[in-house]
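Here is the structure we will look at, set down as structure tokens.
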Amino acid sequence: VQLQASGGGLVQPGDSLRLSCAASGFTSHYYNIGWFRQVPGKEREGVSCITSYDDSTYTQTSVLGRFTISIENAKNTVHLQMNNLRPEDTAVYYCAAVEDRNDPWNFCRDVPPDTYWGQGTLVTVSS
């Protein structure tokens, strides 16, 4: 499985960004896929995850109402629409996926060892 993330950048507080992750190489009929972020010196955290099984989602409380995850199943592409960005959202954002799972709430909080990771994309929110 390969994951190609895009869409990071430098924005001001209150601005919006859309991250995209194009996935390829899945052999299973369904999978979990999501976005994680990490700030240097801090642990990685799950931001928002979704399953291709039925589009169920999980979103971390700190971004609920500002970030929205969506999936284009036909294209194996997941998007993270980030609105009203805050300086504390500054981080490297990673796309990750695991096959044969339909539990995004578990995936975001406890990443299994057979998870695939994409390269990170830097999001910087600063005035």
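The figures that follow rest on heavy atoms only: side chains count, while hydrogens, waters and symmetry mates do not.
- Hydrophobic clustering (ILVMFWY, side-chain heavy atoms < 4.5 Å, transitive): Val92 and Val63 are in distinct clusters.
- One N or O on the side chain of Arg66 and one on the backbone of Asn84 form a donor-acceptor pair closer than 3.5 Å.
- Follow the hydrophobic side-chain contacts under 4.5 Å out from Val98 and you never reach Val47; the two are in separate clusters.
- Atom CG of Leu17 is separated from atom CE of Met82 by 4.5 Å, given to the nearest 0.5 angstrom.
- What you find for Ile33 and Cys21 is that their closest heavy atoms are CD1-SG, 4.4 Å.
- Nearest approach of Val1 to Glu99, heavy atoms of both residues: CG2-OE1, 3.9 Å.
- Ile50 and Tyr116 fall within a single hydrophobic cluster, where Ile, Leu, Val, Met, Phe, Trp and Tyr side chains are chained together by heavy-atom contacts under 4.5 Å.
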Problem set entry | Residue pair Glu45, Gln60: steps toward the side chain to side chain contact (heavy atoms under 4.5 Å, CB included) verdict | CA-CA 9 Å; Glu45 60 177 1; Gln60 182 198 107; 3.2 Å; yes
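- In summary, of the residues considered (Asn106, Asp100, Asp103), a side chain to side chain donor-acceptor pair (under 3.5 Å) with Asn32 occurs for Asp103 alone.
- Other residues, nucleotides and ligands contribute more than 12 heavy atoms inside 6.0 Å of the CD atom of Gln38.
- The only member of Tyr94, Phe107, Tyr58 that meets ring-ring contact (aromatic ring centres under 6.0 Å, His included) when paired with Phe36 is Phe107.
- Note on Asp114 versus Arg101: salt bridge recorded, some NZ/NE/NH1/NH2 to OD/OE distance being below 4.0 Å.
- In this structure, Asn102 contributes its side chain and Thr51 its backbone to no donor-acceptor pair below 3.5 Å.
- In this structure, Cys95 and Ala5 approach most closely via the heavy-atom pair CB-CB, 4.4 Å.
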For this session: Check the pair His79, Ser70 against side-chain hydrogen bond (donor to acceptor under 3.5 Å, both in side chains), reporting the backbone distance first and the verdict last.
Result: CA-CA 5 Å; His79 305 287; Ser70 61; 5.3 Å; no
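- Scanning all heavy atoms of the two residues, the minimum distance from Ser16 to Asn83 falls at OG-OD1, 2.9 Å.
- Of all heavy-atom pairs between Trp117 and Leu3, the closest is C-CD1, 3.9 Å.
- Taking each heavy atom of Thr121 and Leu19 in turn, the nearest pair found is CG2-CD2, 4.1 Å.
- Open room surrounds OH on Tyr53; 12 or fewer heavy atoms of other groups in view lie less than 6.0 Å from it.
- Here CD of Gln119 is found 10.5 Å from CD of Gln2. Values are rounded to the nearest 0.5 Å.
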